[in-house]
Amino acid sequence: MPDSTTTPTNQPPIAVDDVAVRFAGDSGDGMQLAGGQFTATTALVGNDFATFPDYPAEIRAPRGTTFGVSGFQVHFSSNTIHTPGDVVDVLVAMNPAAFKTNIADVRPGGIVLADEDEFGKVGLKKAGYEPDVNPLDDEDLQRRYRIVPVPLSRIVREELADDDHGAKEVMRCRNIFALGLVCWLYDRPLEPTIDHLNETFGVKKGRQDIADLNIRALRAGWNFGETAELVGERYTVAPADLKPGTYRRISGNEAMVLGLTAAARKANKPMVYASYPITPASDVLHGMSGMKRFDVTTFQAEDEIAAVCAAIGASFAGSIGVTGTSGPGLALKGEAMGLAVMLELPLVILDVQRGGPATGMPTKPEQADLLQAMFGRSGEAPVIVLAAASPSDCFDTAIEAVRLATRHMCPVIVLSDAAIANGAEPWKLPDLEAIEPIEITHPTEPNDGEVFHPYMRDEHTGGRPWAIPGTPGLEHRVGGLEKEAVTGNVCYDGENHEAMVHARQAKIMAAQAVIPPIEVGGDTTSDTLILGWGGSRGAILEAADQLSAAGTPVAHAHLRHLNPFPADLGDVLARFDRVIVPETNSGQLRFLLRATYLCDAIGVNVMRGRSFQVQELVEGITRAMEGKS
Amino acid sequence: MPDSTTTPTNQPPIAVDDVAVRFAGDSGDGMQLAGGQFTATTALVGNDFATFPDYPAEIRAPRGTTFGVSGFQVHFSSNTIHTPGDVVDVLVAMNPAAFKTNIADVRPGGIVLADEDEFGKVGLKKAGYEPDVNPLDDEDLQRRYRIVPVPLSRIVREELADDDHGAKEVMRCRNIFALGLVCWLYDRPLEPTIDHLNETFGVKKGRQDIADLNIRALRAGWNFGETAELVGERYTVAPADLKPGTYRRISGNEAMVLGLTAAARKANKPMVYASYPITPASDVLHGMSGMKRFDVTTFQAEDEIAAVCAAIGASFAGSIGVTGTSGPGLALKGEAMGLAVMLELPLVILDVQRGGPATGMPTKPEQADLLQAMFGRSGEAPVIVLAAASPSDCFDTAIEAVRLATRHMCPVIVLSDAAIANGAEPWKLPDLEAIEPIEITHPTEPNDGEVFHPYMRDEHTGGRPWAIPGTPGLEHRVGGLEKEAVTGNVCYDGENHEAMVHARQAKIMAAQAVIPPIEVGGDTTSDTLILGWGGSRGAILEAADQLSAAGTPVAHAHLRHLNPFPADLGDVLARFDRVIVPETNSGQLRFLLRATYLCDAIGVNVMRGRSFQVQELVEGITRAMEGKS
Amino acid sequence: MTTLKAKDYTTDQDVRWCPGCGDYAVLAAVRKALPVIGGAKENQVFVSGIGCAARFPYYMETYGMHSIHGRAPAFATGIKLANPQLDVWLVSGDGDLLSIGGNHTMHAMRRNVGIRILLLNNRIYGLTKGQYSPTSEVGKITKSTPMGSIDEPVMPLALALAAECSFVARCLDIDAKPLGAIMERAAGHAGTAFVEVLQDCNIFNHQAWFHASQKDTRPANTLQLVHGDPMIFGVDSERCIIRSQDGLGVANVADVDAADIVVHDETNRTQAFELATMRYPDFPEPLGVLYVNADRPMYEAACEDQVARAKADRPADLQALVHGPETWQVT
Amino acid sequence: MTTLKAKDYTTDQDVRWCPGCGDYAVLAAVRKALPVIGGAKENQVFVSGIGCAARFPYYMETYGMHSIHGRAPAFATGIKLANPQLDVWLVSGDGDLLSIGGNHTMHAMRRNVGIRILLLNNRIYGLTKGQYSPTSEVGKITKSTPMGSIDEPVMPLALALAAECSFVARCLDIDAKPLGAIMERAAGHAGTAFVEVLQDCNIFNHQAWFHASQKDTRPANTLQLVHGDPMIFGVDSERCIIRSQDGLGVANVADVDAADIVVHDETNRTQAFELATMRYPDFPEPLGVLYVNADRPMYEAACEDQVARAKADRPADLQALVHGPETWQVT
Ligand SMILES: Cc1ncc(C[n+]2csc(CCOP(=O)(O)OP(=O)(O)O)c2C)c(N)n1
Ligand SMILES: Cc1ncc(C[n+]2csc(CCOP(=O)(O)OP(=O)(O)O)c2C)c(N)n1
Ligand code: SF4
Ligand code: SF4
Ligand SMILES: [Mg+2]
Ligand SMILES: [Mg+2]
């Protein structure tokens with residue numbers, strides 16, 4: 001048994017650079033917890049990492065079925081990495097269903113740790129295997145992978161048996177045993193997990209006995225690795241060469257919460273986050289509901305329409321109104337967003353994209369709401385559209401959204417996706433002081449002699465004055481009928497309408513003045529630019545690296561600003577013979593680029609309910625460089 | 001007094017080709033009625049014509065105010081015409097407000113018939129004139145126009161006074177007096193109006209006395225023209241050289257009703273029209289509610305969402321589900337339309353476009369929902385998009401929509417606009433026999449041995465079988481979660497998803513097989529193509545004619561099919577050096593063309609809450625041909 | 001504070017309703033009532049949806065928002081969440097608040113958001129020119145129902161009660177004084193106050209309420225509710241409401257024991273429900289305050305309270321927040 | 001017609017609810033009840049919104065539609081309008097039908113569309129993993145309400161009554177027999193039948209109804225309503241419902257006159273409203289059929305009738321229609 005400092009075993013671990021481990025089991029098996037804790041440990045060891053939790057749309061489908069399988073993948077490395085990994089080096093399969101649905105993602109020669117006790121007739125049948133054919137015995141599979149049957153359930157049952165805990169409680173520790181085993185395999189310390197268990201069960205829930213039970217399971221897992229010699233060798237992954245600083249692990253939805261909260265504080269304004277639960281955006285509502293001490297009010301509305309309307313109402317009354325949803329919810333908000341365009345009030349709308357159309361694939365990512373974000377409203381109703389590129393990037397994107405919404409008095413849509421939302425990566429803590437304050441002034445005096453004109457514009461930003469109820473003398477009415485320039489009175493005059501349509505478009509374009517120029521990375525002298533947006537950044541970076549390494553250097557750039565585009569985008573595009581746009585949709589950014597710049601961009605498009613795999617991207621780009629896809 | 005056959009007056013009328021008359025007065029003054037009846041008469045005389053009613057968003061704003069002015073313009077000609085006319089030759093101004101808001105649209109030298117009795121202090125003040133300055137006396141205006149003050153109210157009051165009718169009833173005949181006067185001016189027979197009055201008041205309402213009162217007013221108007229010699233000369237407009245046949249007058253909303261009803265009959269299916277009232281689409285609901293004898297059920301739902309959902313439910317149950325709305329309502333329907341994409345059921349969605357964004361300018365036309373129609377749904381959710389080009393074209397477009405929706409089992413959006421909806425033109429009655437039946441088969445047997453697969457596709461159309469409840473043995477479930485190809489079972493598999501996204505796109509593209517090739521008109525050898533869509537067809541035709549006449553021949557074409565485009569559109573575009581796309585929006589079709597064909601189309605864009613004026617189009621095209629706008 | 005007058009609440013915008021529209025009377029009554037109710041103009045916000053009635057905010061010299069169809073309660077909720085101190089009035093039509101907006105109305109009520117709702121019920125869609133509305137009577141012939149509507153009308157007061165609305169009242173458009181008095185009570189009420197105003201649409205549904213609103217029809221066909229008073233009505237106060245096994249009924253005062261006449265108790269929800277479901281012509285139209293529950297907590301106050309408690313509980317330390325539970329150093 | 005069995009209603013799709021979910025019991029009960037109710041499978045349609053409960057149609061070997069969140073009543077209405085002969089069942093959750101879908105539910109009820117609604121009320125959002133729902137109790141701590149919810153819960157039965165729903169009932173998820181009996185009555189009812197099923201969400205709101213659903217809690221905490229019977233409950237039938245000035249109250253049978261015990265009358269809407277607004281723990285949870293009104297016309301029938309009358313009135317002459325009132329000849 002290892003004592004609480006990790007005792008090196010006989011053979012020294014083999015150093016490797018880069019590993020992806022996937023924990024897979026039933027939704028009730030605690031895979032997210034095991035994976036999360038392994039990630040935490042990995043972070044503390046100093047690796048770079050990226051994670052990808054993949055769970056079913058069903059809450060907890062019947063045990064042992066394939067559609068109830070929940071997975072958590074963590075990719076960690078001594079290098080800088082950006083994706084959770086295309087294939088896994090180690091699969092932990094807690095039952096046949098997990099084995100069945102995940103085995104194809106294991107790299108040839110990869111290790112599969114399977115709980116052999118679950119591969120009985122019942123378990124096999126539930127997973128849809130023939131009850132008599134145990135895939136662990138399949139010779140083809142054995143040739144392809146290093147399949148390691150582990151008597152996991154039996155050991156847990158036997159090792160942890162005590163008088164105080166029932167079988168159910170004991171068997172709940174299976175995930176922690178598996179964690180212990182993987183910790184042994186990759187030479188990770190157990191302390192962080194022990195501390196965590198003591199904290200959550202012991203301190204918070206007052207169940208130190210459960211904490212102890214789990215700690216015993218953890219050590220049992222480690223010991224099993226140490227003694228059973230089933231795997232043989234161990235590995236270690238050296239710390240990555242990250243920028244010095246304080247780091248934490250963060251998921252996209254967490255970062256979004258922090259970013260919005262920080263923005264409210266930087267603006268020194270209260271914030272109202274009004275939302276209706278929807279996967280995969282709900283966690284932002286949950287997170288925001290814990291931010292009350294920062295003057296954040298949350299409102300779980302009766303539907304998405306009420307949510308966006310409440311956010312607009314809040315903005316009218318002087319808070320920063322924010323609403324969050326996913327694709328189908330964004331569709332419902334279209335009409336109200338049109339009103340916000342007309343009212344010219346700040347509004348941030350978060351869309352955590354998921355696979356569509358319709359209910360689609362609610363837990364899977366897809367970048368397919370870009371055109372909806374651009375055009376999903378009646379009439380000429382331009383808004384600012386931003387997209388986050390990674391979990392931690394949500395923090396900056398949220399702040400940028402609040403900054404632009406208040407600067408230009410307009411709606412800003414922020415696009416994230418299911419993979420960003422739930423995936424995690426290390427985040428070097430930002431210097432909060434270095435974030436510029438968001439300057440907001442509410443007028444207190446008339447802006448034209450004795451008179452207040454609610455639609456008199458700022459010449460730089462195109463925004464109108466944000467006068468709020470409670471301010472004497474600035475009483476005014478806003479509404480969705482076309483308004484007269486300057487006065488804001490209802491006006492059906494044709495020329496005024498045309499001028500107002502232009503003014504609303506112009507103020508969106510005015511944001512270009514504060515959008516940084518595009519950073520082109522990779523080989524900027526290449527004739528090929530890979531241009532991405534949103535959650536594909538990591539995969540594009542890795543693909544570009546691989547292509548360079550393989551002797552095909554490419555340039556790459558990534559857009560946070562989708563509307564307006566950065567002012568220099570046209571120039572940048574013109575510098576390359578070939579522009580390749582990888583998207584997990586049918587080519588929505590490509591469509592915008594073609595229309596805006598008449599640029600014959602080539603798409604690499606994959607719509608498989610997941611983010612890009614680096615390999616398919618490399619292949620897609622290669623194909624695109626050879627001929628036109 | 002003329003007897004009931006029109007007696008020619010002393011001087012023979014002067015023959016002119018082309019006239020536009022506008023009746024303008026208070027919303028309560030019955031201008032729509034007078035204009036409509038004048039149009040009816042004009043139609044019977046055999047002129048080509050086009051009308052444009054223009055009424056305020058307010059129901060009946062306080063009498064005499066400028067925002068309460070209601071106008072009806074009729075353009076009639078001995079030539080073929082396509083628009084209601086840019087400027088008017090005769091303005092009937094029933095009060096100062098009508099004078100004020102309409103005078104600028106009168107062509108220099110045009111006639112203004114104004115009810116001078118309304119130009120007292122009170123009337124002037126209500127219209128926002130200085131009470132002491134009568135614009136009828138304005139010398140500048142008098143130089144510019146032929147202003148003819150008519151003691152209209154006084155004559156009506158005096159001539160019609162009798163013991164049986166109060167002042168209110170008498171004064172309600174003012175519009176008919178004006179009509180009589182204009183009939184005299186353009187030598188139109190009074191009988192059609194007399195018949196109409198007898199029919200509506202006498203027969204239908206049992207108020208022959210009111211009919212008689214109005215007939216007296218009509219004749220009084222004529223006589224005033226005849227005797228007062230205020231105008232001097234009279235005009236006549238010879239019949240137009242229209243194709244032989246039986247004609248009727250039809251507005252866009254009427255034609256839409258007839259088209260949908262005809263389509264249901266041609267498909268031999270019941271239809272459910274579910275809608276929520278909204279300007280300018282409400283009249284389609286009204287019209288459809290009178291079609292019950294054709295097996296049309298109408299449902300005024302609690303909102304737009306319920307309406308589209310009820311239509312989808314109706315389609316599921318085997319009716320043709322149709323819903324109609326305007327822009328803000330279309331935004332609300334986005335989510336449910338996404339579901340229809342997934343369910344692969346026929347659905348027709350009518351969007352009578354109005355000025356936006358938001359509530360915008362509810363009674364004014366604008367072509368600004370095209371991109372919303374294309375992209376206003378979450379995920380990859382392609383639908384077919386059609387647009388009607390004129391009032392009568394709504395008939396054919398509606399039939400085409402039902403045909404394509406049932407053929408490809410998909411939603412079809414039909415775009416119309418406020419001007420098409422309310423405008424009217426002569427319509428040569430179609431040969432109903434010549435309209436091909438819409439073939440629909442509901443399967444009654446399993447399509448794969450013993451098994452029924454609801455998502456097995458037709459190889460030509462890409463559509464799936466429309467099996468309906470009530471059919472034994474074909475029980476199946478549909479829903480918004482991604483479905484497995486063929487079986488339609490819920491399926492989260494990535495490759496299946498990608499295949500289904502492609503399949504849903506492919507079946508929309510499959511419609512190209514039955515979309516007729518583009519007809520290029522005008523000078524097909526020109527280097528310039530004017531490409532339009534929707535309600536601008538008439539103005540484009542006239543502008544093209546004018547340009548040709550002025551020595552600048554252009555080719556022109558018009559799109560009914562916006563998604564998919566006709567298969568030959570790319571080739572057609574490539575034949576021209578210059579493609580000019582006039583739209584009453586900021587360039588939405590242009591955007592699609594640029595993105596789809598990398599065609600550097602030039603826009604002529606006007607957003608003034610009305611359809612194109614021919615003159616501004618001629619100028620816009622000329623500018624576009626000279627340099628880039 | 002200087003005392004305000006009706007004209008201080010009058011904007012420079014011309015009022016654009018049809019001549020004879022009942023909305024004018026309501027507007028005048030509101031402009032008159034507000035100075036009496038008191039409070040600063042700059043703290044008042046008029047919110048509306050879409051419809052004729054919903055043009056209201058344009059005519060009130062306060063803050064105002066003419067929003068989108070049916071969603072006014074949601075906007076109003078957002079305004080209250082952002083600033084509970086504001087005095088928020090919601091004025092809209094029957095189509096707006098009961099058809100497309102029924103759900104938001106209901107949820108605002110059950111949450112008890114502190115907004116005062118004036119529902120101008122003309123039993124028709126005015127602005128879209130005369131389709132039947134959710135309060136139109138069965139059989140109504142309108143543009144969209146040429147053979148008569150087949151939808152049973154909504155009972156707005158009953159729905160409000162079922163949604164636990166804590167202040168439910170009813171008034172005629174032309175009754176400036178009672179409307180003012182009800183508004184005064186509504187303004188003092190902590191929670192959602194719902195006032196159904198029976199309004200005449202002069203153009204598309206003229207005389208819809210004439211059975212109750214005219215000098216000659218009113219005594220016989222309306223029941224003026226006064227807390228603690230027996231329910232008596234009629235030209236000569238000769239009719240009354242009694243309770244039988246089957247619920248409420250109408251009787252002649254002369255025929256019943258005085259003690260058997262039902263006494264109005266505005267704190268009794270069940271009885272209010274009975275009043276709310278009375279239908280003319282079997283019953284008179286009840287007017288006045290049907291129900292008040294002063295004990296329900298106000299939504300925005302509870303919300304504010306949580307924010308305050310959260311602040312008291314833990315400092316708003318952004319640095320600590322960003323830092324999170326677990327970090328590591330890279331050197 | 002061959003008699004069907006529960007398994008004839010079973011699809012080949014694996015049921016994907018959590019182990020222990022109350023939805024299983026309801027599914028079993030429904031599969032069992034339908035053969036008893038009778039009717040051909042191909043005429044039955046199960047419609048739902050989105051949520052755990054809304055997966056229901058996938059498991060019923062009938063026609064089915066799993067639609068979008070909150071709109072199932074509108075889809076169901078469309079289905080009935082297209083084919084009134086279909087037997088349409090709507091199964092969905094409390095969030096679906098009362099939060100986002102509250103308005104459609106209400107309007108279907110007031111129209112009296114002939115659909116049978118089973119609302120599976122687990123007082124939580126199950127599918128989105130545990131936010132409070134519109135039926136959650138005040139103070140509920142959930143993912144979105146870490147300091148407790150502040151929204152007063154909706155009273156589904158009361159709302160249904162206010163919306164004039166013509167059949168209102170309530171049942172426990174595990175009570176297959178009573179549920180079957182209620183379904184049978186619902187199936188025979190002409191109009192909207194609304195059945196609130198108290199359902200246990202094993203994962204996110206376990207035991208929400210245990211005060212009423214367990215062997216040991218049920219007698220004391222539920223009131224089984226039987227038309228014509230006095231309202232008596234308790235382990236030894238020792239408790240009863242009486243009426244006082246303040247409305248309904250709970251008393252010991254021993255302490256009151258038998259005649260004073262309120263008798264259940266399912267045709268009495270006011271009394272049903274009183275039952276619908278009773279709240280545990282002050283009152284037992286009422287179960288059974290609260291209210292039936294067999295006299296309301298059915299929406300789709302009225303609609304069909306208009307179509308039939310229109311057909312009888314005038315021939316469906318397309319040529320004449322297109323021709324219109326006025327034409328002219330060009331030669
Ligand atoms: C989303 C949307 N749907 C429909 C409309 C059209 N519309 C405007 S007002 C209205 C109903 C008006 O009725 P009501 O609320 O009773 O107000 P009233 O005009 O009678 O005062 C409708 C359907 C709209 N503006 N927006
Ligand atoms: C438009 C839309 N908004 C939100 C969601 C997310 N969503 C799915 S189910 C659900 C609520 C589920 O609660 P309930 O109806 O009570 O059903 P249960 O899962 O408890 O059976 C929500 C909010 C969605 N699918 N679509
Ligand atoms: S239509 Fe009716 S409600 Fe609207 S302004 Fe006119 S009278 Fe008033
Ligand atoms: S989450 Fe709750 S309601 Fe949903 S399936 Fe699981 S136990 Fe049932
Ligand atoms: Mg109304
Ligand atoms: Mg629920």
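Here is how names work: the chains are called A, B, and so on, in the same order as the sequence lines, proteins then strands, and each is numbered from 1. The structure displayed is predicted, hence computed values, not measured ones. Heavy atoms only: backbone and side chains are in, while hydrogens, waters and symmetry mates are out.
For A:Pro469, the parts sitting under 4.5 Å from any heavy atom of chain C are the backbone and the side chain alike. Residue contact with chain C, scored on non-hydrogen atoms closer than 4.5 Å, involves the backbone and the side chain of A:Pro426 alike. Of the atoms belonging to A:Lys428, not a single heavy atom falls under 4.5 Å from chain C. If you measure heavy-atom distances from A:Val272 to chain C, the contacts under 4.5 Å come from the side chain alone. Heavy atoms of A:Ala306 lying under 4.5 Å from chain C belong to its backbone as well as its side chain. Only the backbone of A:Ile468 comes within less than 4.5 Å of a heavy atom in chain C; its side chain stays farther off. A:Ala43 touches chain C through backbone and side chain together, each having a heavy atom under 4.5 Å away. Heavy atoms closer than 4.5 Å to chain A are found in the backbone of C:Thr331, but not in its side chain. In this structure, the portion of C:Tyr299 lying under 4.5 Å from any heavy atom of chain A is its side chain and not its backbone. Looking at C:Leu86, the atoms closer than 4.5 Å to chain A (heavy atoms on both sides) all sit in the side chain, from C-beta outward. The part of C:Met60 that comes within reach of chain A is its backbone (N, CA, C, O), which places non-hydrogen atoms under 4.5 angstrom from that chain. Contact of C:Pro73 with chain A is not made at all, since no heavy-atom distance falls under 4.5 Å. Heavy atoms of C:Val45 lying under 4.5 Å from chain A belong exclusively to its side chain. There is no contact between A:Val257 and chain C, counting heavy-atom distances below 4.5 Å. In this structure, chain A has a heavy atom under 4.5 Å from the side chain of C:Arg16, while its backbone stays farther away. With a threshold of 4.5 angstrom between heavy atoms, A:Met342 does not approach chain C through any atom at all. Residue C:Arg309 does not touch chain A at all, counting heavy-atom pairs closer than 4.5 Å. Heavy-atom distances place no part of A:Ala307 under 4.5 Å from chain C, backbone and side chain included.
Counting heavy-atom pairs closer than 4.5 Å to chain C, the top residue among A:Gly259, A:Gly46, A:Ala262 is A:Ala262. By number of non-hydrogen pairs under 4.5 angstrom with chain A, the leading residue of C:Gln85, C:Lys41, C:His107 is C:His107. With respect to chain A, the highest number of heavy-atom pairs below 4.5 Å among C:Gln306, C:His323, C:Glu304 belongs to C:His323. Of all the listed residues (A:Ile250, A:Ile305, A:Thr297), the one sharing the greatest number of non-hydrogen pairs under 4.5 Å with chain C is A:Ile305. In terms of non-hydrogen atom pairs under 4.5 Å with chain A, the most contact-rich of C:Thr77, C:Asn83, C:Val322, C:Leu81 is C:Val322. In terms of heavy-atom pairs under 4.5 angstrom with chain A, the leader among C:Val307, C:Asn43, C:Thr62 is C:Thr62. Contact count against chain A (heavy-atom pairs under 4.5 Å) is highest for C:Gln13 among C:Glu326, C:Lys80, C:Gln13. In terms of heavy-atom pairs under 4.5 angstrom with chain C, the leader among A:Leu258, A:Thr246, A:Thr261, A:Val490 is A:Thr246. The greatest number of non-hydrogen atom pairs below 4.5 Å with chain C, out of A:Ala301, A:Gly470, A:Gly479, is found for A:Gly470.
A salt bridge does not link C:Arg111 to C:Glu164: none of the charged nitrogens lies less than 4.0 Å from a carboxylate oxygen. A salt bridge is absent between C:Asp317 and A:Arg293: the closest approach of a Lys/Arg side-chain nitrogen to an acidic carboxylate oxygen does not fall below 4.0 angstrom. Residues C:Glu61 and A:Arg477 are paired through a salt bridge, judged by an N-O separation under 4.0 Å between the basic side chain and the carboxylate. Ion pairing between a basic and an acidic side chain is recognised when a charged N comes within 4.0 Å of a carboxylate O; A:Asp295 and C:Lys311 show such pairing.
C:Tyr125 pairs with exactly one of C:Cys52, C:Ser133, C:Cys201 by the side chain to side chain contact (heavy atoms under 4.5 Å, CB included) rule, that one being C:Ser133. Partner of A:Lys333 under the side-chain hydrogen bond (donor to acceptor under 3.5 Å, both in side chains) criterion, out of A:Thr325, A:Asp303, A:Thr323: A:Thr323 alone.
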- Item | C:Phe75 and C:Ile68: CA distance, side-chain angles, deciding distance, side chain to side chain contact (heavy atoms under 4.5 Å, CB included) verdict | CA-CA 9 Å; C:Phe75 289 99; C:Ile68 45 176; 3.8 Å; yes
- Item | Stepwise side chain to side chain donor-acceptor pair (under 3.5 Å) check, C:Glu42 with A:Thr471 | CA-CA 6 Å; C:Glu42 65 266 21; A:Thr471 317; over 6 Å; no
- Message: Is there a ring pair (Phe, Tyr, Trp, His ring centres under 6.0 Å) between C:Trp89 and C:Tyr63? Walk through the geometry before answering.
- Response: CA-CA 10 Å; C:Trp89 295 84; C:Tyr63 285 91; over 10 Å; no
- Check step by step if side chain to side chain contact (heavy atoms under 4.5 Å, CB included) holds for A:Thr298 and A:Lys292. CA-CA 8 Å; A:Thr298 52; A:Lys292 296 191 171 64; 4.0 Å; yes
- Item | Derivation and outcome, side chain to side chain donor-acceptor pair (under 3.5 Å), residues C:Asn103 and C:Arg71 | CA-CA 9 Å; C:Asn103 206 38; C:Arg71 321 296 175 187; over 6 Å; no
- Message: Using side chain to side chain contact (heavy atoms under 4.5 Å, CB included), reason through A:Ile349 and A:Met337 one step at a time and then give a plain yes or no.
- Response: CA-CA 9 Å; A:Ile349 307 106; A:Met337 283 169 52; 4.0 Å; yes
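For CD of C:Gln329, the number of neighbouring non-hydrogen atoms (other residues, nucleotides, ligands) closer than 6.0 Å is greater than 12.
Between C:Ser166 and C:Arg296 the shortest heavy-atom distance is CB-CD, 4.3 Å.
A cation-pi arrangement is not found for A:Arg248 relative to A:Trp427, the charged atom failing to lie both closer than 6.0 Å to the ring centre and inside a 45° cone about the ring normal.
Between C:Tyr58 and C:His66, the two ring planes are perpendicular [angle over 60°; tilted spans 30° to 60°].
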